[in-house]
Amino acid sequence: MTTLYHRAVQGFRARFLREPELVVRGPGRVNLLGGHTDYNEGFVLPVAVDRAAWVAVAACREPQATLRALDMGNDEVIFSVRRVPASTGNWADYPKSLVWAFLERGLRPVSCEAVLTSDVPVGAGMSSSAAVELAFAYAWNVLSGFGLTLDELALLSRQAENEYVGVNCGIMDQLVSACGRAGTAIALDTRTLQRTYVPLPAGVAIVVADSRVRRALASSEYNLRRARCEQAVALLQTQLPHIQALRDVTPKDLQRYGSLLPDVVLRRARHVVRENIRVKQAARALHRGDLATVGALLKEGHRSLRDDYEVSAPELDVLVEAACEVPGCYGARLTGAGFGGCSVALADEAAVPELETHLVETYTARFDKEPAVYVVYSADGVAAVQAA
Ligand code: GLA
């Protein structure tokens, strides 16, 4: 049983002087490939990981939710589960957003008491927010007896983040936090939510390096990228009336009609169109254990995010280049939205010690600060966890 399970349970007992009814674990994720494709109805290849948000929770009589975040200096919020207050720009927006989304659907979540703890680094591109959303969504779904499916909980959480929190994210993070499976990556079609679970080959490690760069403007830049993609679709629709999203655009379409787009819009569209192809190629290569091909696609994906989509940062470029210099590392790229946060590399397990050392040394020499480097393991999606 992990430490965070106990931390959540003990935190709950200390605060509410009783036992929690439920302990829920909602995982973070790392995306191997498919950057900024999900809000273009495209393809992604994420993995749910062994870093997660944990919620210990019990229903209560009072008409409100009382929630405490153990990692935020025990910060506590109390709010009505019938009329959700406006967002305040902190961690509590995520659970509040879910109550808001349940109410939007005509569902009345029970009032409850809960504590939250998490080891998903915040703002690092590993979906700390989706982890919290899914943990609370799952808890309220069980305690209130709604019977929503995991896919429904993912969609509800995405709506909560889009409309209450105000980040126009796609479905990837919530879906993989809901439906991930240990030992696999999910090859996901974000339009239909159809997916294939692709086994991760034995002996390969997923190595994440956190640049520790956090960009305050990340969410407005993110929304701006999305707006550019929508602009590309609107312009291309004048010639290609059947397209609904960049997912429907082929490289040939772009060759033919790219001149309709302003340069920056064309580059954004080109990234998305090619990235969708890369994801499908990578999923097939992963399936047959062809890590050299997967690695090459990761590297190409990074160049495209850096040059065409412009969501990298010098710190991330250095981490990616340094990783690729180490023998036994297949490839690397930035993961998550970019602008800062983490890189991800696929490497032979035997190469991990050298990879770690090289990343730390190269990065520290260049930026005078240390990255946080860790190996992450694939894990299952959100679930209630029983004490051993
Ligand atoms: C964030 C969003 C996701 C996705 C990625 C970029 O993690 O939450 O929906 O768009 O960025 O691939």
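Computed over heavy atoms, backbone and side chain alike; hydrogens, waters and symmetry mates excluded. Counting starts at 1 for both ligands and their atoms, in listed order.
- When hydrogens are left out, the protein atom nearest atom 9 (O) of ligand 1 is Asp38 OD2, 2.5 Å; that is the closest non-hydrogen contact.
- Using modelled atom types, no side-chain atom of Glu41 and backbone atom of Leu246 make a donor-acceptor pair closer than 3.5 Å.
- Judged purely by atom type and a 3.5 angstrom limit, Ser211 uses its side chain to pair as donor or acceptor with the backbone of Gly341.
- The closest approach between a heavy atom of Gly336 and any atom of ligand 1 is below 4.0 Å.
- The shortest N or O to N or O distance between Gly170 and ligand 1 is under 3.5 Å.
- Both the sub-6.0 Å distance and the 45° axial angle are satisfied by Lys280 relative to the ring of Phe43.
- Atoms of ligand 1 found under 4.0 Å from any heavy atom of Cys169, numbered from 1 in the order shown, are 2 (C), 8 (O), 9 (O).
- The nearest heavy-atom contact from the protein to atom 8 (O) of ligand 1 is Asp173 OD2, 2.6 Å.
- Here the side chains of Tyr5 and Val23 are in contact, with some heavy-atom distance below 4.5 Å.
- Using cut-offs of 30° and 60° for the angle between ring planes, the Tyr363 and Phe367 rings count as tilted.
- Across the listed options Tyr222, Tyr309, Tyr39, Tyr222 owns the non-hydrogen atom lying nearest to atom 11 (O) of ligand 1.
- With hydrogens left out, the protein atom closest to atom 12 (O) of ligand 1 is His36 N, 2.7 Å, a heavy atom.
- Atom numbering of ligand 1 starts at 1 in the shown order; those under 4.0 Å from a heavy atom of Gly34 are 12 (O).
- Between Asp189 and Arg247 there is a salt bridge, since a side-chain N of the basic residue sits under 4.0 Å from a carboxylate O of the acidic one.
- Of all the atoms in ligand 1, the ones that sit under 4.0 Å from a non-hydrogen atom of Gly35 are 12 (O).
- Hydrophobic clustering places Trp140 together with Val55 (ILVMFWY residues linked when any side-chain heavy atoms are closer than 4.5 Å, directly or through intermediates).
- Heavy atoms of Glu275 found under 4.0 angstrom from ligand 1: none, in either backbone or side chain.
- Rounded to the nearest 0.5 Å, atoms OH (Tyr164) and OG (Ser157) are 14.5 Å apart.
- The ligand atoms of ligand 1 that sit less than 4.0 angstrom from a heavy atom of Arg29 are 7 (O).
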Evaluation steps, side chain to side chain contact (heavy atoms under 4.5 Å, CB included), between Leu116 and Met72: CA-CA 9 Å; Leu116 163 70; Met72 304 281 170; over 6 Å; no

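- Under the 4.0 angstrom criterion for non-hydrogen atoms, Arg225 is not in contact with ligand 1.
- In terms of protein heavy-atom proximity, atom 5 (C) of ligand 1 is closest to Met172 CE, 3.8 Å.
- Note on ligand 1: Ala130 sits outside its first shell, no heavy atom being nearer than 4.0 Å.
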